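Quick caveat, the model's predicted, so the values are computed rather than measured.
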Amino acid sequence: MESIPLEVLQQNKKYLELLSQSFPNVTTAVEEVVNLKAILNLPKGTEHFLTDIHGEAEAFNHVMQNASGAIRRKVSEELSSTVSTEDLEELTTLIYYPREKLKLIKAEKKANRANWYELTIYRLVRVARATASKYTRSKVRKLLPKNFAYIMEELLQEDEHRFNKKDYYSEIIKSLVEYGRADLFIIELSAVIKKCTIDHLHIIGDIYDRGPYPHKVMDTLMAQNSLDIQWGNHDILWMGAAAGCRACVATAIRIALRYSNINAIEDGYGISLLPLVSFAQHLYKDDPCTRFMPKVNEKHPFDVDAELLAKMHKAISIIQFKLEENLINDHPSYNMEHRKILRTLNPAAGTIEIEGKTYPLNDRSFPTIDPANQTRLTEEEHYLIDTLTAAFTTSEKLKQHVRFLYAKGSMYCRYNDNLLFHACLLLNEDGSFKETEIDGKRYYGKNLMDKYDQMAREAYFSGENAEFLWFLWCNQDSTLFGKKKMTTFERYFIDDKETHKEPSSPYYKLMEQDDGTLAAQILKEFGLSGNAHIVNGHTPVKVAKGESPIKAGGKLLVIDGGFSKAYQTTTGIAGYTLTYNSYGMTLISHHPFESVEKVLREGFDIQSTKEVIETLVERKRVSDTDTGKELKDKIRNLEMLITAYNKGFLKQHD
């Protein structure tokens with residue numbers, strides 16, 4: 001331990017006095033230093049990175065249950081030499097879905113049920129011990145359920161082959177079966193195995209929209225022990241709706257109707273769409289709304305007829321377009337004059353002008369648009385959107401989820417020498433950082449991301465300027481959007497596909513062509529070394545067309561592989577998981593998930609393909625991580641406290 005001068009102790013006296021309340025003497029301080037130094041030498045925990053879940057709760061949940069295939073591998077490593085393939089499959093599925101699998105097993109196994117329980121618990125303990133082996137007893141203890149904490153700790157820390165405790169070990173398992181606690185013990189121990197397998201989870205944006213159950217995904221995330229979230233533009237849209245931005249509310253509803261997934265709104269968040277039903281039935285009763293027929297959802301058939309959904313879809317879309325154009329008028333600093341197109345709409349002629357060119361419309365039915373003032377909402381539209389906005393802002397479940405997004409989320413994250421953000425950075429065509437003016441000051445790169453983060457929080461918690469969250473959803477200068485415009489109106493009403501194009505920000509082309517130089521410049525901007533990686537989502541990687549998720553000389557990893565079923569025909573896969581453990585980084589691509597039922601009855605698992613991104617020469621330990629840096633700071637402070645005690649600068653207490 002280095003000698004610490006008295007002047008340093010004097011400068012830190014107040015802090016040392018506070019620290020001494022937790023460590024009142026040399027013995028307690030030394031004990032903690034010994035503990036922390038030991039932890040620094042443990043292998044780093046496994047990080048899992050996922051992105052663009054888009055409400056696909058079943059597939060996401062299964063990836064979480066099988067830890068991207070890690071649990072299956074761990075079961076095989078520990079037991080394959082002594083256990084049959086059939087029993088390994090049963091045990092693996094039992095860990096994934098213990099409650100459901102136990103019901104099936106109990107229905108099938110009539111005889112020797114007690115023997116099955118004892119053998120199964122013994123095998124689960126072996127797997128649990130292996131997954132927990134890289135952690136301290138203290139950390140594992142925190143993961144154990146209260147009901148079985150003592151029993152599990154005994155089983156996990158003891159060797160069942162040790163002669164003196166062999167009978168003790170066996171009797172614990174027999175007693176669990178004898179007193180009818182085996183089922184609950186298996187359920188709880190399976191949860192511990194999964195918690196130990198995923199040490200930290202990164203969600204790199206877009207939990208919401210398209211898929212049916214974003215609320216269930218959020219519930220799963222809230223149950224995780226350790227995670228962070230980088231907001232995506234679809235998340236920020238719902239955050240804006242919860243903050244009371246009417247344009248965000250209309251857009252969230254429109255997307256739900258487009259993908260025939262209104263159950264997230266009605267069942268998940270308790271928001272009634274009946275006012276929209278009544279409005280649409282009345283205003284669009286004679287309009288077939290053909291262009292607004294929802295995309296068929298095979299697993300979740302329509303609760304109402306498709307024609308009614310189409311009318312609702314068109315009604316809320318027109319309201320959205322009006323609200324957006326009014327927002328552009330009210331916020332000239334958004335620089336979106338080129339998107340003020342509704343004012344050129346001519347229903348009688350069936351035309352609209354966009355960026356100086358006139359296009360024919362494929363639909364001329366606009367019963368709520370006044371040709372003299374196309375962006376003015378009717379009284380009925382005002383009442384409807386105000387009613388729906390009030391429902392969004394008062395939904396307790398949505399409040400809970402959005403506050404969790406703010407608590408765990410951010411525009412970007414630096415974690416263990418990796419830079420995570422959902423979409424892009426603002427760059428000029430030459431690769432330099434693009435500057436953006438906000439309230440008379442200019443921002444770029446990291447400072448711009450920090451400013452956007454602060455403004456996004458202020459927009460929700462202050463109750464003012466919720467419209468800024470809409471800016472982040474679709475503005476060309478939003479780092480969450482990454483395109484020059486959002487052509488929603490054109491896709492609905494204009495057949496000319498040239499108008500549908502949404503040119504990407506320079507970031508994407510530049511990073512596609514980059515040899516690693518630009519990536520290194522970006523990493524440096526965020527205070528990271530050239531050995532770090534950038535991890536993005538947002539843009540689906542078209543694997544079926546030969547596109548690679550590894551870009552910029554291996555420094556950029558784009559891991560949107562198509563969790564959303566809407567993109568799977570384009571990507572050719574059904575999502576990526578990036579894992580980073582003590583041995584290196586691995587990219588895992590997943591094939592489509594069929595159903596939990598198939599997993600339970602047939603042992604069917606998501607088929608996954610591994611690709612090693614980086615193998616470390618030396619195994620990474622806790623000392624090499626961000627947590628390690630924090631622990632080293634604690635050790636330095638404790639050593640300063642020990643010196644203060646030894647020099648008589650502070651009094652010791654029993």
Side-chain angles (χ1 to χ4, degrees), residues 205-209 214-215 218 229-256 264-265 269-271 275-276 316-317 319-336 339-340 375 377 381-411 422-423 436 438-439 443 448-481 486 488:
D206 279 1
I207 297 161
Y208 282 85
D209 290 334
H215 54 293
M218 288 298 300
I229 299 168
Q230 290 73 60
W231 303 320
N233 60 322
H234 287 272
D235 306 318
I236 216 78
L237 175 69
W238 279 74
M239 291 156 70
C245 173
R246 299 189 303 167
C248 290
V249 169
T251 306
I253 295 172
R254 177 188 63 77
I255 294 173
I265 295 174
Y269 292 120
I271 296 168
L276 178 56
I316 201 66
S317 297
I319 291 172
Q320 175 194 322
F321 300 141
K322 289 183 178 183
L323 290 168
E324 288 180 335
E325 201 144 323
N326 289 328
L327 269 181
I328 294 169
N329 267 329
D330 294 341
H331 296 273
S333 63
Y334 289 177
N335 297 318
M336 295 178 72
R339 295 307 297 158
K340 290 169 66 173
T375 63
L377 272 72
E381 286 175 322
H382 262 299
Y383 176 79
L384 173 62
I385 194 61
D386 286 347
T387 301
L388 293 171
T389 301
F392 268 78
T393 57
T394 56
S395 166
E396 288 302 321
K397 185 76 169 179
L398 184 56
K399 279 183 188 177
Q400 183 185 34
H401 285 172
V402 167
R403 286 179 179 270
F404 182 77
L405 284 172
Y406 274 107
K408 297 295 183 179
S410 56
M411 293 292 294
H422 176 67
T436 299
I438 303 172
D439 296 331
Y443 299 86
L448 179 62
M449 292 280 249
D450 289 335
K451 183 62 178 176
Y452 280 173
D453 190 292
Q454 175 259 314
M455 292 174 71
R457 295 178 192 282
E458 185 180 20
Y460 181 79
F461 290 104
S462 73
E464 299 176 3
N465 196 24
E467 292 79 12
F468 176 70
L469 298 168
W470 176 81
F471 168 97
L472 290 176
W473 154 249
C474 64
N475 189 272
Q476 67 270 19
D477 283 338
S478 168
T479 55
L480 300 182
F481 179 46
M486 188 176 284
T488 309

List the atom pairs, donor and acceptor, that lie under 3.5 Å between side-chain atoms in residues 384-391 and the rest of the protein, sequence neighbours left out.
{"from": "Asp386", "atom 1": "OD1", "to": "Arg246", "atom 2": "NH1", "distance (Å)": "3.2"}
{"from": "Thr387", "atom 1": "OG1", "to": "Tyr383", "atom 2": "O", "distance (Å)": "2.7"}
{"from": "Thr389", "atom 1": "OG1", "to": "Ile385", "atom 2": "O", "distance (Å)": "2.7"}

Quiz item: With no hydrogens and no angle check, is any side-chain donor or acceptor of Arg457 less than 3.5 Å from a backbone partner on Ser462?
Solution: no
Quiz item: Listed by chain and number, what are the salt bridge (charged side-chain N to carboxylate O under 4.0 Å, His left out) partners of Arg403, not counting sequence neighbours?
Solution: none
Quiz item: So, do Trp231 and His422 sit near enough that their side-chain heavy atoms are less than 4.5 Å apart?
Solution: no
Quiz item: Distance from Thr479 atom OG1 to Met411 atom CE, nearest 0.5 Å?
Solution: 3.0 Å
Quiz item: Of Trp473, Tyr406, Tyr269, Tyr460, which is the lone residue that meets ring pair (Phe, Tyr, Trp, His ring centres under 6.0 Å) with Trp238?
Solution: Tyr269
Quiz item: With sequence neighbours excluded, what pairs up with Tyr452 under the side chain to side chain donor-acceptor pair (under 3.5 Å) test?
Solution: none
Exercise. Could you tell me whether a side-chain N or O of Gln476 sits under 3.5 Å from a main-chain N or O of Asn335, the two making a donor and an acceptor?
Key: yes
Practice problem: Give every residue pair that meets the salt bridge (Lys or Arg N to Asp or Glu O under 4.0 Å) criterion with at least one member in residues 388-399, sequence neighbours excluded. | Solution: Asp219-Lys397, Glu396-Lys399
Quiz item: Looking at Ile207 and Pro214, what are the two nearest heavy atoms and their distance?
Solution: O-CB, 3.8 Å
Quiz item: Quick one: side chain to side chain donor-acceptor pair (under 3.5 Å) pairs with a partner in residues 463-472, sequence neighbours left out?
Solution: Glu324-Trp470
Quiz item: Ala243 and Ala459: which non-hydrogen atoms are nearest, and at how many Å?
Solution: CB-O, 4.3 Å
Quiz item: Shortest non-hydrogen contact from Ala466 to Cys245?
Solution: O-CB, 3.8 Å
Exercise. Give a yes or no on whether the backbone of Met449 and the side-chain of Asp453 come within a donor-acceptor separation of less than 3.5 Å.
Key: no
Quiz prompt | Asn233 vs Leu472 side-chain heavy atoms within contact, under 4.5 Å | solution = no
Quiz prompt | Nearest-0.5 Å distance that lies between atom NE2 in His215 and atom CD1 in Ile265 | solution = 11.0 Å
Practice problem: Verify, without hydrogens or angle tests, whether Asp477 (side chain) and Thr436 (backbone) share a donor-acceptor contact under 3.5 angstrom. | Solution: no
Quiz item: Heavy atoms, side chains only, cut-off 4.5 Å: are Tyr443 and Asp450 in contact?
Solution: no
Practice problem: For Ile328 and Met336, work out which heavy atoms get closest and say how close. | Solution: CG2-O, 3.4 Å
Exercise. Would you please name every residue forming a ring-ring contact (aromatic ring centres under 6.0 Å, His included) with Tyr334, sequence neighbours left out?
Key: His331, Phe471
Quiz prompt | Backbone of Ala256 reached by a side-chain donor or acceptor of Asp209 within 3.5 Å | solution = no
Practice problem: Please report the closest heavy-atom contact between Leu469 and Gly240, naming both atoms and the distance. | Solution: CD1-CA, 3.5 Å
Quiz item: In Å and rounded to the nearest 0.5 Å, what is the NE2 to CG distance from His234 to Leu237?
Solution: 7.5 Å
Exercise. Mark yes or no for whether Asp235, through its side chain, and Asp206, through its backbone, hold a donor-acceptor pair below 3.5 Å.
Key: yes
Self-check item: Within 6.0 Å of CG in Asp330, more than 12 heavy atoms from elsewhere
Solution: yes
